[in-house]
Amino acid sequence: MSESTREKVVLAYSGGLDTSVIVKWLQVEKGMDVIAICGNVGQDEKDLSWIKQKALDMGAIASEAVDMREEYAEAIISKAIWANGKYEGIYPLLSALSRPIISKHLVDIAHQYGAKHVAHGCTGKGNDQVRFDASIHALDPTLNIIAPVREWDLATRDSEMAWAEAHGVPVPTTHKKPYSIDDNLWGRAIECGVLEDTWNEPPSDIWTMTKNPEDCPADPETVIIGFEGGLPVSIDGEKMPLLDCIIKANEIAGRNGFGRIDMIEDRVVGIKSRECYECPAALLLIQAHQSLETLCLDAETLKQKAKLDVEWASTVYRGLWFSQNREAIDAYNAYTQKYVTGEVRIKLCKGGLFVDGLHSDYSLYDYNLATYDEGDSFDHSASKGFITIHGLQSKTWSRVQGPGSGLQGA
């Protein structure tokens with residue numbers, strides 16, 4: 001096939017073995033010209049230029065390393081903080097959050113190069129294939145998605161490495177990494193290896209962002225996080241952009257051993273998996289934000305928002321960032337967060353987090369209503385009539401059904 005007639009494909013490229021093999025596989029098996037895109041969303045790797053060059057060396061017609069960190073923080077993570085985004089109440093959605101921003105750039109670059117195809121290296125049993133496919137088609141339904149790992153016959157790592165060597169793809173000289181790791185600004189996800197046995201304790205070497213709690217100082221570290229409109233804008237009085245707040249929060253929580261998760265998670269495809277996460281900034285900032293909400297939002301709003309927070313996390317986890325449902329919940333949150341402004345004081349010590357101070361000009365806490373001391377302004381005489389009406393339904397039910405009927409069969 002001549003160069004002039006080869007179709008173009010944009011590949012989400014990480015520089016690892018799988019996507020490196022895919023660069024060559026798309027050329028050899030599909031006869032396509034490859035444009036390799038590596039997105040910097042805050043992963044451990046600081047310099048991505050080598051990844052860009054590696055793709056070019058393997059025959060990619062173009063390769064780009066795109067810094068998405070600021071956009072990721074401002075457009076994606078900000079909404080996660082608003083929604084206290086934690087899947088199954090535990091996982092701060094770090095991988096699920098980065099996929100929409102990467103997908104957006106893949107689609108934009110496909111349009112730029114006139115490519116009709118987008119490819120990724122996701123397996124057929126994970127969540128990411130769902131997130132990439134759903135996001136890409138939401139942004140451009142006409143693009144064809146190629147997922148080589150779902151269709152190639154390289155069943156084992158040995159066969160994959162043999163194919164790579166036969167086709168001039170650089171292969172690692174060391175043994176396979178014992179874990180599968182995905183990392184970005186919002187944390188690290190660690191799975192596979194010894195972690196697949198749910199009785200095995202996570203080895204200490206999987207943690208790189210957080211200090212072992214037993215090695216942390218005995219004295220707590222106090223941090224004050226300032227919020228405006230539901231988003232962190234300062235740490236210990238120092239104003240900074242959201243991206244810098246996250247970076248600094250990772251450092252502070254990490255050195256105090258806070259931010260580790262070991263959970264059994266329900267994947268989109270119906271599999272339970274054992275996942276370890278390291279999310280110091282995510283857990284610190286979400287906890288601080290959620291605490292401030294209790295001060296600034298009324299009881300009914302908090303109750304409704306708690307339901308929507310669960311729905312938001314589930315929607316994003318299932319790859320539906322680009323959906324009416326997520327945007328509608330964000331619109332609700334945009335209103336509530338106008339009043340979530342103030343400061344949260346937190347103590348961190350040996351893996352623990354303790355909120356011990358809240359302040360806001362929008363506080364709904366009224367000292368004179370809450371106090372039992374002098375200055376109490378609450379009308380105690382109003383309580384009797386309120387309780388009579390409040391309990392009227394239960395009183396009527398008991399009279400009709402019989403006293404204590406609610407305990408039958410207990």
Side-chain angles (χ1 to χ4, degrees), residues 9-32 34 36-39 87-88 91 93-100 102-103 106-107 110 116-141 143-164 167 169 171-172 176-184 189-193 195-198 263-277 314-323:
V9 56
V10 176
L11 170 66
Y13 182 62
S14 69
L17 177 64
D18 287 347
T19 54
S20 294
V21 169
I22 289 172
V23 170
K24 187 62 68 174
W25 188 88
L26 290 167
Q27 297 172 64
V28 173
E29 301 293 334
K30 297 292 187 181
M32 292 179 168
V34 178
I37 306 301
C38 180
Y87 178 64
E88 296 184 327
Y91 161 50
L93 297 165
L94 66 100
S95 296
L97 290 173
S98 70
R99 291 356 183 193
I102 296 171
S103 297
L106 291 173
V107 171
K116 298 179 181 178
H117 311 274
V118 175
H120 58 70
C122 302
T123 70
K125 65 189 295 185
N127 293 319
D128 282 340
Q129 58 175 338
V130 180
R131 295 162 182 161
F132 275 118
D133 287 22
S135 294
I136 291 164
H137 276 155
L139 293 167
D140 186 347
L143 287 171
N144 177 51
I145 297 174
I146 303 173
V149 180
R150 289 199 299 233
E151 58 180 276
W152 67 16
D153 57 0
L154 305 176
T156 67
R157 185 174 176 85
D158 287 342
S159 61
E160 184 180 2
M161 291 180 69
W163 192 97
H167 292 85
V169 178
V171 298
K176 180 182 178 182
K177 290 182 180 179
Y179 318 111
S180 173
I181 296 174
D182 178 57
D183 60 315
N184 66 60
I190 312 108
E191 62 179 10
C192 301
L195 298 174
E196 290 180 344
D197 184 336
T198 60
M263 68 179 290
I264 303 300
E265 179 180 307
D266 292 292
R267 289 185 183 174
V268 179
V269 296
I271 299 171
K272 281 189 180 291
S273 63
R274 198 258 187 104
E275 304 284 343
C276 289
Y277 295 109
S314 176
T315 297
V316 173
Y317 182 86
R318 292 179 289 116
L320 300 175
W321 176 270
F322 298 103
S323 65

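All residue numbers refer to positions in the sequence shown, counting from 1.
- Arg274 places a side-chain N or O within donor-acceptor distance of the main-chain N or O of Asp197, the cut-off being under 3.5 Å.
- Asn127 places no side-chain N or O within donor-acceptor distance of the main-chain N or O of Arg267, the cut-off being under 3.5 Å.
- Note that OG of Ser103 is 6.5 Å distant from CZ of Phe322, once rounded to the nearest 0.5 Å.
- A search for side chain to side chain contact (heavy atoms under 4.5 Å, CB included) contacts involving Glu151 returns Trp25, Lys30, Ile146, not counting sequence neighbours.
- The OH atom of Tyr87 sits 13.5 Å away from the OG atom of Ser95 when rounded to the nearest 0.5 Å.
- Scanning both residues, Pro100 and Ser135, for their nearest heavy atoms gives CA-OG, 4.2 Å.
- Distance check, rounded to the nearest 0.5 Å: CE of Met263 to OH of Tyr91 gives 9.0 Å.
- Under the 30°/60° scheme for interplanar angles, the aromatic rings of His167 and Trp163 are found to lie parallel.
- Under the 4.5 Å side-chain criterion, counting only non-hydrogen atoms from C-beta, Lys272 is not in contact with Thr198.
- For the pair Val149 and Cys122, the tightest heavy-atom approach, listed with the atom from each and the gap, is CB-O, 3.6 Å.
- A distance-only check finds no donor-acceptor pair linking the side chain of Tyr13 to the backbone of Ile22 [under 3.5 Å].
- You'll find the side chain of Lys116 stays beyond 4.5 Å of the side chain of Asn144, heavy atoms only.
- The shortest side-chain heavy-atom distance between Asp18 and Glu160 falls under the 4.5 Å cut-off.
- Look at Lys125 and Glu191 and you find no salt bridge, because none of the NZ, NE, NH1 or NH2 atoms lies under 4.0 Å from a carboxylate O.
- Cation-pi check for Arg131 over Tyr317 is met; the charged atom lies under 6.0 angstrom from the ring centroid and within 45 degrees of its normal.
- The shortest heavy-atom contact between Val10 and Ala110 is CG2-CA, 3.6 Å.
- Note that CD1 of Ile102 and SG of Cys38 are 8.5 Å apart. Values are rounded to the nearest 0.5 Å.
- Between Ile136 atom CD1 and Arg99 atom CZ the span is 11.5 Å, to the nearest 0.5 Å.
- Contact annotation: the side chain of His120 approaches that of Asp133 to within less than 4.5 Å [non-hydrogen atoms, C-beta and beyond].
- The minimum heavy-atom distance between Leu94 and Tyr277, with the atom names listed, is CD2-CD2, 3.8 Å.
- When every heavy atom of Leu17 is checked against every heavy atom of Ala164, the shortest pair comes out as CD1-CB, 4.5 Å.
- The closest side-chain heavy-atom distance from Leu11 to Val23 is below 4.5 Å.
- Across Gly121 and Thr19, no two heavy atoms sit closer than the pair CA-CG2, 4.4 Å.
- Remark: Asp128 CG to Asp182 CG distance equals 6.5 Å, nearest 0.5 Å.
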